[in-house]
Each structure stands twice: as C-alpha cells, then as structure tokens.
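Here is the structure we will look at, set down as structure tokens.
From a predicted model like this one, the values you see are computed outputs, not experimental measurements. Side-chain atoms are counted along with the backbone in the values below, which use heavy atoms only and exclude waters and symmetry mates. Convention: sequence-line order gives letters A, B, ...; per-chain numbering from 1.
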Amino acid sequence: DVKVTQSSRYLVKRTGEKVFLECVQDMDHENMFWYRQDPGLGLRLIYFSYDVKMKEKGDIPEGYSVSREKKERFSLILESASTNQTSMYLCASSLPGDINTEAFFGQGTRLTVV
Amino acid sequence: AQKITQTQPGMFVQEKEAVTLDCTYDTSDPSYGLFWYKQPSSGEMIFLIYQGSYDQQNATEGRYSLNFQKARKSANLVISASQLGDSAMYFCALTLMNRDDKIIFGKGTRLHILP
C-alpha cells in the first residue's frame with residue numbers, strides 16, 4: 001500500500017521557535033509538495049521539489065524553507081514560527097511529467113503556534 | 001496565470017439525491033489534467049477522479065462522474081445517489097503538461113448530506 005507519512009499529526013510550538021515538519025514517501029516519487037490549508041482559502045502551495053536537492057517556491061514561501069537531501073524525504077522548516085503560521089500542513093508526492101498521475105497525500109499536520 | 005475556481009463554499013443535499021459540485025479553471029495550456037479530491041473530517045485527501053484535456057469522453061468512477069465542458073472550461077463533479085458518507089470537503093485541482101508539475105487547487109466545497 002503506497003504511503004506518504006507526516007511525522008506528527010498535531011504539533012504545538014511557541015512563537016519564535018524553529019519548527020521542522022517531516023514527510024516521507026515510499027513510492028519512489030520524484031515530486032514532493034508542501035501545502036498549507038486554511039478555511040476558505042483551500043490548499044496553497046508553499047514549496048515543491050522535483051528531485052533531490054531541488055526546490056521551487058510555490059505561492060506562499062515567505063517564512064518557510066525546505067530541505068530534500070534524500071528522494072523519499074521532504075522537510076518543511078519554519079525558521080521562526082509565528083502565530084499566523086498556525087494551520088494544517090499537507091505533504092504530497094507524485095510522479096513527474098505525467099498529468100495522468102494523481103498526487104498522494106499524507107494525513108496532515110495541524111500546527112498551532114502560541 | 002492558472003487558476004481553479006469553486007464558487008460553492010457549502011452545499012446541503014438530501015441523502016440519495018444527485019449532487020453537482022462546480023469547478024471552473026483557467027489555463028492557456030492545451031495539455032492539462034483535472035482532478036477531484038475528497039477530504040473527510042479526518043483530514044486525509046482521497047483521490048476521486050481524473051479528466052485529461054484530450055480525453056474524448058467524460059470520466060466516470062463508480063458513483064462519481066466528471067462533467068467536462070472544455071469550451072466553457074468547466075469540470076463539474078457529479079455524485080449520484082448521495083450517501084451520508086459523502087459529507088466532506090471536495091477540492092478540484094489542475095496540473096499542466098510541459099510545465100512544472102505543481103498542482104493548483106481550488107478553495108473547496110463543503111458538502112453536507114442530510115438524512
């Protein structure tokens with residue numbers, strides 16, 4: 001059974017902390033994505049990666065960075081967490097260059113910054 | 001710029017009725033794919049159905065069908081014989097061929113099925 005796993009389901013962090021959200025996929029997918037989901041705004045793309053050590057900014061990269069040192073792992077980093085980063089974070093992966101292939105999602109991490 | 005629009009923030013439908021969730025898209029690329037995902041209250045995103053821009057026929061998957069009207073740039077999801085378990089958030093999404101592989105999502109429609 002294919003799987004995308006996010007390290008935490010729920011996370012509470014303090015303002016100013018450095019936060020790491022980890023995502024691992026076991027499907028050997030080249031593409032990996034980090035989205036943020038907020039009520040009324042849908043899913044907004046933060047960063048995505050085509051391959052190891054490759055990254056591209058999405059629509060809302062400010063305040064975030066990413067790391068992809070291994071193909072199966074894509075980490076989202078909040079350099080200095082702020083309360084407006086309280087949200088649901090979704091990781092996804094997909095095969096490259098084929099519009100016929102759906103993305104597979106992790107279960108989501110609900111982050112609260114206090 | 002590419003865009004997905006879902007104009008229905010929420011819908012209430014009686015159980016066993018059919019329901020149509022609207023989705024319009026904006027792209028000038030000739031090659032693209034359209035997806036629908038379901039997100040129950042548990043949070044996971046479940047892939048439902050896919051339509052390619054060159055597909056001649058509308059996609060169907062069990063009770064789900066996609067009403068694809070290319071000239072109107074619409075890709076509405078139709079759920080036949082709705083069930084209580086269909087209550088969820090539904091997202092329409094767009095991917096582009098010959099571009100980056102990013103997936104663009106709409107804002108979603110929350111569907112409530114009434115017993």
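With hydrogens and angles ignored, the 3.5 Å screen pairs no side-chain donor or acceptor of Asn31(A) with any backbone N or O of Ser93(A). In terms of modelled atom types and a separation under 3.5 Å, the side chain of Glu17(A) and the main chain of Val19(A) share no donor-acceptor contact.
Surrounding NZ of Lys73(B) are more than 12 heavy atoms belonging to other residues, nucleotides or ligands, all under 6.0 Å away. Summarising the local packing, CD of Gln57(B) is surrounded by 12 or fewer heavy atoms from other residues, nucleotides or ligands at distances under 6.0 Å. For Lys70(B), the NZ atom sits in a packed shell: over 12 heavy atoms of surrounding residues, nucleotides or ligands are nearer than 6.0 Å.
Side-chain heavy atoms closer than 4.5 Å link hydrophobic residues (I, L, V, M, F, W, Y) into clusters, and following such links, possibly through other members, connects Leu84(B) to Leu21(B). Cluster membership check: Trp34(A) does not share its hydrophobic cluster with Val4(A), using side-chain heavy-atom separations under 4.5 Å among Ile, Leu, Val, Met, Phe, Trp and Tyr. Tyr25(B) and Tyr64(B) fall within the same hydrophobic cluster, where Ile, Leu, Val, Met, Phe, Trp and Tyr residues are linked whenever their side-chain heavy atoms come under 4.5 Å apart, directly or through other members.
Using a 4.5 Å cut-off between non-hydrogen atoms, the part of residues 105-115 of chain B that approaches chain A consists of Phe105(B), Gly106(B), Lys107(B). Residues of residues 35-44 of chain A lying under 4.5 angstrom from chain B, judged on non-hydrogen atoms, are Tyr35(A), Gln37(A), Gly40(A), Leu41(A), Gly42(A), Leu43(A) by number.
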- Message: Would Ser74(B) and Asn76(B) count as a side chain to side chain donor-acceptor pair (under 3.5 Å) here? Give the steps.
- Response: CA-CA 6 Å; Ser74(B) 76; Asn76(B) 298 340; 4.6 Å; no

- Derivation of the side-chain contact (heavy atoms from CB on, under 4.5 Å) call for Arg63(B) and Asp86(B): CA-CA 11 Å; Arg63(B) 293 187 300 113; Asp86(B) 293 333; 2.8 Å; yes

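Using a 4.5 Å cut-off between heavy atoms, Arg9(A) contacts chain B through its side chain alone, with no backbone atom that close. In this structure, no portion of Gln51(B) lies under 4.5 Å from any heavy atom of chain A.
Interface summary for chain A: among Glu44(B), Met89(B), Met45(B), the most heavy-atom pairs under 4.5 angstrom belong to Met45(B).
The aromatic rings of Phe68(B) and Tyr32(B) lie perpendicular to each other, with more than 60° between the two planes, well past the 30° mark.
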